[in-house]
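Encoded as structure tokens, the structure appears first; notes follow it.
Residue numbers start at 1 and run along the sequence shown. Counting convention: from 1, in listed order, for ligands and their atoms alike.
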Amino acid sequence: MNETQQKFVDYLKVLGHYRRAIILMMWDMYTATPEQGYDGMAETQTFFSSRHFELSTASEWKQLLEEMKKPENYDDLNAGLKYTVDHLSRELLRDERIPKDFFEASVALSNKSMRAWEKAKKSSDFSIFAPFLDQMITMVKERSAYTDPGKDPYEVLVNEYEEGMDTAAIDRVFGELKDGLLPLLDRILAAKQPESKIYEGTYDPDAQKKVQKLLLEYIGFNFEAGTTAESEHPFTEGFSRHDVRVTNHYYEHDPISAMFSAIHEGGHAILGQNVAPELEGTAADDCRYLGIHESQSRFFENILGRRKSFWLPIYDKVQELLPDLKEISLDEFVAEVNHVKNSLIRTEADEVTYCLHIILRYEIEQEIFRGNVPIESLPALWNEKMESYLHITPPDDASGVLQDMHWSDGSFGYFPTYLLGTIYDGMFLEAMEKDLGDIDALLEAGKVKDITHWLNENIHQYGCLRKPNEVIEKVCGQPLSAKPILKYFEKKYTEVYNLI
Ligand code: ZN
């Protein structure tokens, strides 16, 4: 390593120390900080975030990045460091275009907007949030005019969460999926629905934690490089491949929620734990593409976790830990976790209707950014689409347009990544079955880790090095398509619901 390269790597390490401290404080605030300590911890986190921002925009760092782009410094770097130079240079360039006073005003507006959304949701009154949503949309458009002049703001946003993706591709696959799912959903809803006594039982949270440990170990989460904690909403946080943490929330009368959250977050964590060692400490050491990340959590949660074959080797152990589950046969359990309901809330939706919840949000976001819909008409537009896709109308704004926080902090373009993850999963499943044979046979034999290993080899080890479209191309050998996931839904729900 030459002198410039050494300087670059040393500086990167310092930035990494700050980053780790900031994430640690965030982890602590969500899992352990007592109520009265929260403000103090938040203040310290803000302090460290500002120092990190100063360091990552300092002229010394900027010069170093410029130097690193020269062939004598760049050409012999490993792939992770090359990615780091490219990615951070691009980010710096975009950040520099944002005027300081605009940046400060947008942070202040975001905070006000999030508070207004909370208040609006509590009183189920969209008119409280509407003026702030209007300002957030204007702000986000203005920001994109600074960072990516001349580009369509919604495309810029979509690209921020899933690099290389655009609305033309999303329109195509979401359209394909919607056309196939709407008639399938109507057939499912007309069929006989399962009945289960599962929610009549009582499930000790400590026992649920043991079930979580069993499930995480089963799917290949490494407890020597990971840990668990409790929080209001489950999430995953990674510090490095040696330290990836997941949280969960336990409900006394609902064992399913924590089980599937454990499998979902476990999927995110397994990705983080299996990035190639040589990427450690670089900007490529986790996957920043939200659709790809979500595809991994959902592959474990839905594609594997909702199959009878997944539970066959372990269901009796789960019943031992949660005695009230002994009343529920494996078939009843599997029917319940595949129960398709046309419900109001996205986060509680089953894997079929979930797709339509996302399509609805994506279509509305596009209308907003094309300027086709006045803000005050959003609740009506929302309800109209709910009626048309799921045949139900939210009784109030809280269970309709106000249910998600994403728009309150300006995260437009985030929603489609959830469904892209599911669409990728259909393609990954097809590619995997070509390599490994029948997935149910593997699962029945207790070989779920063979599947995990396939995902490690084909997807996880690359971290950020392959962009989403490249992952699809390399793993599946064909362009993005919703056909495989549709085929999966058709086959599975024809069986589950005995559809003719
Ligand atoms: Zn997730």
Side-chain angles (χ1 to χ4, degrees), residues 23 26-27 30-31 158 160-163 165 170 212 215-216 219-221 226-239 241 243-251 256-275 285-306 310 337 345-359 361-362 403-407 409 411-429 451-452 455-456 459-460 463-464 468 471-472 485:
I23 302 174
M26 197 211 79
W27 167 264
Y30 283 112
T31 60
V158 164
E160 244 160 64
Y161 297 110
E162 193 71 347
E163 206 177 323
M165 198 50 69
I170 300 178
Q212 156 162 297
L215 288 170
L216 286 172
I219 63 174
F221 178 90
T227 186
T228 61
E230 224 171 313
S231 65
E232 189 53 36
H233 301 287
F235 67 93
T236 302
E237 197 54 81
F239 294 86
R241 63 192 299 275
D243 187 352
V244 187
R245 308 177 185 190
V246 296
T247 72
N248 209 337
H249 194 92
Y250 310 93
Y251 300 91
I256 291 178
S257 169
M259 281 188 214
F260 282 83
S261 289
I263 302 172
H264 180 99
E265 301 306 330
H268 281 303
I270 287 170
L271 192 169
Q273 290 180 332
N274 289 284
V275 170
D285 71 352
D286 196 355
C287 172
R288 69 181 69 250
Y289 316 122
L290 299 190
I292 294 289
H293 229 301
E294 201 60 16
S295 76
Q296 298 310 289
S297 54
R298 279 169 199 272
F299 197 89
F300 282 99
E301 181 196 350
N302 293 332
I303 306 280
L304 303 178
R306 294 182 198 276
F310 177 90
V337 304
I345 308 295
R346 172 185 66 87
T347 52
E348 293 162 13
D350 57 87
E351 64 173 335
V352 177
T353 56
Y354 192 91
C355 303
L356 296 163
H357 283 279
I358 297 299
I359 289 172
R361 285 156 178 75
Y362 172 67
Q403 65 181 269
D404 297 305
M405 71 164 300
H406 298 58
W407 291 345
D409 70 354
S411 302
F412 307 99
Y414 190 124
F415 283 124
T417 65
Y418 294 121
L419 187 52
L420 283 170
T422 295
I423 292 171
Y424 300 158
D425 279 345
M427 301 187 71
F428 293 151
L429 177 65
I451 294 171
T452 307
L455 295 167
N456 296 157
I459 299 165
H460 305 161
C464 264
V471 177
I472 296 299
I485 194 68

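The name of the N, O or S atom in Glu294 nearest to the Zn ion (ligand 1) is OE1. Looking only at its N/O/S atoms, His268 has NE2 as the one nearest to the Zn ion (ligand 1).
Among the atoms of Glu265, none of the N, O or S atoms falls under 2.8 Å from the Zn ion (ligand 1). Among the atoms of His293, none of the N, O or S atoms falls under 2.8 Å from the Zn ion (ligand 1).
A donor and an acceptor atom, one from each side chain of Tyr418 and Arg361, are nowhere located under 3.5 Å apart.
In this structure, Phe415 has its ring center at least 6.0 angstrom away from the ring center of Tyr362.
Tyr424 does not carry Arg298 over the face of its six-membered ring by the limits of under 6.0 Å from the centre and within 45° of the normal.
The neighbour count for Phe235 CZ, taken as heavy atoms of other residues, nucleotides or ligands under 6.0 Å away, is above 12.
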